[in-house]
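Here the structure comes first, spelled out in structure tokens, and everything after it is commentary.
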Amino acid sequence: MKNILITGSGGFIGSHLTEECVKRGFKVRAFLHYNSSSSRGWLEDSVYKNDIEFISGDVRDYDAVSSAIKGCDGVFHLAALVGIPYSYVSPLAYIRTNVEGTYNVLQSSREYNVKNCLVTSTSETYGTAQHVPIDEKHPRNAQSPYAASKVAADQLALSYYRSFDLPVKIVRPFNTFGPRQSARAIIPTAICQMLKGQMELKFGNLSPTRDFTFVKDTVAGMIAIAQCEKLNGEEVNIGMNQEISIGDLIQKIAKLINTSSKIKQDQSRVRPEASEVQRLLCDNTKIFKETNWKPQYTLEKGLTETIDSIAKSLHLYKPELYNV
Ligand SMILES: NC(=O)c1ccc[n+]([C@@H]2O[C@H](COP(=O)([O-])OP(=O)(O)OC[C@H]3O[C@@H](n4cnc5c(N)ncnc54)[C@H](O)[C@@H]3O)[C@@H](O)[C@H]2O)c1
């Protein structure tokens, strides 16, 4: 694998992945969501921007995806609508972007004989843990239209492996955090509410637990899985096998920032009960067994790097716009 296409490369995980792949010597074509201002998202000011080939388009558009994949032997597909609350408002948009977008990537990869097609799933496809830790055999249980769209995309990808022998791998990150993540996610929203000096911090449900991986470790896991000789037609979790409740996580961040703000549950941010995923804890046995992945970040180390990064660009964050 030498020439790769990365969809969603202007986004949070995609921009880190794009930069890491350039650093490792891949020839990277970055697929950006078309916009009239030609913004490159988080790659706008990247130190690597002169080493990246940028292409704009829409993953819902077969022609755009197909011409972007032409000439590539590897694809990392990350482009997606990712916010759970917005998936309650516009479920069809999630089907079009996440399912049809994945179809366009799979079918184009088939058309151009791509040797390595990596599709990005999510731990949300498991729903609340029915056993812990959650291994790849855990049942799928979509509790939001977002999760349902990702289950559908994963199944389509696996069907392309089984029906057409397309070399597809599914990577399934558990919650990822780090610099550049939008305030729609819990860690950036907590950090920027605290850094903006709010005395009362507002959050949704504080009791669910999650397994957080720092973005550089997630990206290293994705590359390790892509480079593994085996794993075609398989699903692989990426996570730390450590869980923390949202309430304890917020306390931890408050301690690192040294704030005495009060934490308050805001009813308008609480998700419908049956839609709230109560517990996610990753079984990472498979990635450790099949690859040489070694996470480099503890939760504390990753949080410290994230706080420093958000502090430098606090004006870009508007936590009041999101119901996290
Ligand atoms: N962040 C997490 O905790 C997490 C966990 C598990 C899985 N994932 C998955 O990782 C991937 C990246 O997520 P992220 O957190 O970086 O989110 P993000 O919103 O920062 O990135 C998504 C990217 O997709 C692009 N995109 C959306 N619609 C598009 C379209 N129609 N055409 C072209 N591009 C489009 C966006 O512009 C953005 O760059 C997603 O597939 C997501 O489901 C994320």
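Counting convention: from 1, in listed order, for ligands and their atoms alike. Everything numeric in this text was worked out from a predicted model, so none of it was measured.
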Going by the order shown, which atoms of ligand 1 are within less than 4.0 Å of some heavy atom of [X]?
| X | value |
| --- | --- |
| N175 | 3 (O) |
| T122 | 6 (C), 7 (C) |
| A79 | 24 (O), 34 (N), 35 (C) |
| Q181 | 1 (N) |
| R60 | 31 (N) |
| G10 | 39 (O) |

Heteroatom distance test ([X], ligand 1): nitrogen or oxygen, under 3.5 angstrom:
| X | value |
| --- | --- |
| F12 | yes |
| S123 | no |
| K150 | yes |
| S9 | no |

Quiz item: Does OH belonging to Y112 count more than 12 external heavy atoms closer than 6.0 Å?
Solution: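 For Y112, atom OH is crowded (more than 12 foreign heavy atoms under 6.0 Å).
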Quiz prompt | Crowding at CZ, R96 (>12 non-hydrogen neighbours, <6.0 Å) | solution =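 Count not over threshold, so no.
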Nearest non-hydrogen contact with [atom] belongs to which option: [options]?
| atom | options | answer |
| --- | --- | --- |
| atom 22 (C) of ligand 1 | G41, S56, G8, A80 | A80 |
| atom 28 (N) of ligand 1 | T97, L78, V82, T125 | T97 |
| atom 7 (C) of ligand 1 | G14, G83, G101, S121 | S121 |

Considering heavy atoms of the protein only, find what lies nearest to [atom] and give residue, atom and distance to 0.1 Å.
| atom | value |
| --- | --- |
| atom 6 (C) of ligand 1 | P173 O, 3.2 Å |
| atom 32 (N) of ligand 1 | V59 N, 2.9 Å |
| atom 44 (C) of ligand 1 | I13 CD1, 3.6 Å |
| atom 5 (C) of ligand 1 | F174 O, 3.7 Å |
| atom 39 (O) of ligand 1 | G11 N, 3.0 Å |
| atom 10 (O) of ligand 1 | T120 CG2, 3.5 Å |
| atom 31 (N) of ligand 1 | D58 OD1, 2.8 Å |
| atom 37 (O) of ligand 1 | H33 CB, 3.6 Å |

Under 3.5 Å, is there a donor-acceptor pair linking the side chains of [X] and [Y]?
| X | Y | value |
| --- | --- | --- |
| E234 | Y161 | no |
| E243 | T209 | yes |
| Q107 | Y160 | yes |
| S56 | H33 | no |

Quiz prompt | Check: Y146 main-chain N/O paired with S87 side-chain donor or acceptor under 3.5 Å | solution =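 Such a contact is found between S87 side chain and Y146 backbone.
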Quiz prompt | Residue among Q143, E136, R172, R279 satisfying side-chain hydrogen bond (donor to acceptor under 3.5 Å, both in side chains) with Y126 | solution =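 It is R172; the other options fail the test.
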Quiz item: Between R180 and E19, does at least one N-O distance fall below 4.0 Å, as a salt bridge requires?
Solution: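 Answer for the salt bridge query: yes.
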Exercise. Have a look at ligand 1 and work out which part of E124, if any, has a heavy atom under 4.0 Å from it: side chain, backbone, both or neither.
Key: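 The answer is neither; E124 stays 4.0 Å or more away.
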Quiz item: Any side-chain heavy atom of I310 within less than 4.5 Å of one from I191?
Solution: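 Answer yes - side chains close enough.
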Quiz item: Are the aromatic ring centres of F288 and W293 under 6.0 angstrom apart?
Solution: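 Close enough - the centres of the two rings lie under 6.0 Å apart.
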Quiz item: Do F177 and F214 have ring centres separated by under 6.0 Å?
Solution: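 Here the rings of F214 and F177 have centres that are less than 6.0 Å from each other.
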Quiz item: Does H77 reach ligand 1, in the sense of a heavy atom lying below 4.0 Å from it?
Solution: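 So H77 does not count as touching ligand 1.
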Self-check item: Close approach of Y146 to ligand 1, heavy atoms, under 4.0 angstrom
Solution: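 Distance cut 4.0 Å: Y146 passes for ligand 1.
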Quiz item: Picking from N284, I225, T291, what satisfies side chain to side chain contact (heavy atoms under 4.5 Å, CB included) with I238?
Solution: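 With I238 as partner, side chain to side chain contact (heavy atoms under 4.5 Å, CB included) holds for just one option, I225.
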Practice problem: Return the minimal non-hydrogen interatomic distance between I170 and A157, and the atom names on each side. | Solution: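 Heavy atoms only, the tightest pair is CD1-CB, 3.7 Å.
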